[in-house]
Enquirer: 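One structure coming up, written as structure tokens, with questions to follow.
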Amino acid sequence: GLVGSEMCIETIVRRVKKLPERFVVLGADTVVSLNGRILGKPYDYDDAYNTLNSLSDQTHQVYTGVCLIYVNGRAKSSSSFYEKTDVTFYPVSHDEIIQYLATNEPFDKAGSYGIQGKGGLFVKGIDGDYNNVVGLPLARVYHELDDLILEWFGNIFSKWQLYLFYDTKLSLFEEKILKLSLYTSDA
């Protein structure tokens with residue numbers, strides 16, 4: 001069968017009507033880890049409550065894994081990395097958790113909170129990249145792409161298309177396509 005990046009490329013080819021000759025796919029997923037235990041998106045209300053309660057007054061880690069796949073006709077290559085950020089929560093009361101759950105914000109977030117939303121009120125501090133906690137380490141992706149553009153394209157390629165698939169659920173890829181035109185220097 002197909003493995004990770006090959007399956008991703010095959011899915012893209014099936015779902016996107018017209019692909020350029022050269023393109024890059026960026027895939028990413030984020031998890032929260034507390035004392036070595038992975039805390040993904042909550043299964044239900046109780047799971048979200050228990051997750052937030054366990055994060056209260058603790059430091060946990062947020063990991064985002066990123067894979068960049070370059071396709072040039074039939075040729076394919078890839079690069080992957082991860083970013084880690086330590087996040088420390090204030091003590092969070094039972095009532096605060098209940099009120100936060102009532103917002104419905106935590107139910108589609110790894111670790112049951114969104115630092116960029118109301119969940120940010122629980123965060124005492126971070127050590128690392130804030131954007132990594134949001135779900136994509138933008139600065140690291142930018143610099144990785146900068147290095148890869150030079151490696152993959154050299155100075156001869158002045159414009160390329162990036163298809164961003166920011167979801168690990170293959171059935172949702174079509175809804176998550178963000179097409180960006182990026183320009184590199186001709187010099």
Side-chain angles (χ1 to χ4, degrees), residues 4-5 7-12 14-16 24-69 80-142 144 162-180:
S5 63
M7 188 169 66
C8 183
I9 291 168
E10 293 301 320
T11 300
I12 292 163
R14 281 195 319 270
R15 300 213 179 224
V16 179
V24 174
V25 176
L26 185 156
D29 198 15
T30 302
V31 296
V32 170
S33 174
L34 177 65
N35 301 321
R37 193 175 108 228
I38 301 296
L39 306 171
K41 295 177 183 177
Y43 299 110
D44 57 23
Y45 184 93
D46 290 339
D47 188 36
Y49 180 91
N50 291 332
T51 297
L52 290 166
N53 192 50
S54 69
L55 294 175
S56 176
D57 203 24
Q58 298 290 315
T59 298
H60 61 275
Q61 293 67 47
V62 176
Y63 294 92
T64 301
V66 178
C67 181
L68 301 167
I69 304 168
S80 59
F81 63 91
Y82 73 92
E83 193 70 27
K84 179 189 96 155
T85 303
D86 292 324
V87 180
T88 303
F89 265 30
Y90 283 106
V92 183
S93 72
H94 167 79
D95 288 341
E96 289 172 317
I97 294 173
I98 297 299
Q99 290 171 358
Y100 182 55
L101 293 173
T103 69
N104 288 322
E105 186 179 275
F107 296 105
D108 66 343
K109 312 267 189 302
S112 301
Y113 75 95
I115 194 170
Q116 72 278 20
K118 293 173 181 67
L121 298 174
F122 303 146
V123 177
K124 185 175 186 178
I126 68 168
D127 182 15
D129 184 351
Y130 168 85
N131 289 305
N132 184 54
V133 183
V134 173
L136 187 66
L138 294 174
R140 176 84 186 267
V141 168
Y142 172 81
E144 293 283 336
L162 169 67
Y163 288 88
L164 174 63
F165 293 86
Y166 187 46
D167 199 310
T168 58
K169 297 177 183 167
L170 296 179
S171 63
L172 295 178
F173 271 4
E174 204 167 290
E175 298 172 22
K176 300 289 182 175
I177 295 174
L178 172 61
K179 183 177 175 183
L180 302 171

Enquirer: Report yes or no: does D44 contribute a side-chain atom to a donor-acceptor pair with the main-chain N or O of D47 at less than 3.5 Å?
Expert: yes
Enquirer: Determine the minimum heavy-atom distance between A28 and V66, stating which atoms define it.
Expert: CB-CG2, 4.1 Å
Enquirer: For P106 versus S112, what's the shortest heavy-atom pair and its separation?
Expert: CB-O, 2.8 Å
Enquirer: From the options V32, D86, I115, select the one residue that forms a side chain to side chain contact (heavy atoms under 4.5 Å, CB included) with V62.
Expert: V32
Enquirer: Any idea which heavy atoms bring I98 and Y45 closest together, and the distance?
Expert: CD1-OH, 3.3 Å
Enquirer: Quick check: do I126 and N132 have side-chain heavy atoms less than 4.5 Å from each other?
Expert: no
Enquirer: Is the closest side-chain heavy-atom distance between V92 and L52 below 4.5 Å?
Expert: no
Enquirer: What distance do I97 atom CD1 and N53 atom CG have between them, rounded to the nearest 0.5 Å?
Expert: 4.5 Å
Enquirer: Has E105 got a side-chain atom pairing as donor or acceptor with G119's backbone, closer than 3.5 angstrom?
Expert: yes
Enquirer: Please round to the nearest 0.5 Å and tell me the distance separating atom OH of Y90 and atom OG of S56.
Expert: 12.5 Å
Enquirer: Applying side chain to side chain donor-acceptor pair (under 3.5 Å), name anything that partners T59, two or more places apart in sequence or on another chain.
Expert: T88
Enquirer: Would you name the heavy atoms of S54 and L39 that are closest together and state the gap between them?
Expert: OG-CD1, 4.5 Å
Enquirer: Against Y113, only a single residue in Y100, F89, F122 fulfils ring-ring contact (aromatic ring centres under 6.0 Å, His included); can you say which?
Expert: F89
Enquirer: Give, for atom OG1 of T64 and atom NZ of K84, the distance between the pair rounded to the nearest 0.5 Å.
Expert: 13.0 Å
Enquirer: Quick one, L101 and F107 - any side-chain contact, counting heavy atoms below 4.5 Å?
Expert: yes
Enquirer: Under 4.5 Å between any side-chain heavy atoms of N131 and P137, yes or no?
Expert: no
Enquirer: Looking at R140 and E144, does any basic side-chain N land under 4.0 Å from a carboxylate oxygen?
Expert: yes
Enquirer: Take atom OH of Y49 as the centre, draw a 6.0 Å sphere, and report whether it contains more than 12 heavy atoms from other residues, nucleotides or ligands.
Expert: yes
Enquirer: Please report the shortest heavy-atom distance between I38 and S33, naming the atom on each side.
Expert: CD1-CB, 4.2 Å
Enquirer: Do side-chain atoms of T85 reach the backbone of D129 as a donor and acceptor pair under 3.5 angstrom?
Expert: yes
Enquirer: Working to the nearest 0.5 Å, report the span between NZ of K41 and CG of D29.
Expert: 7.0 Å
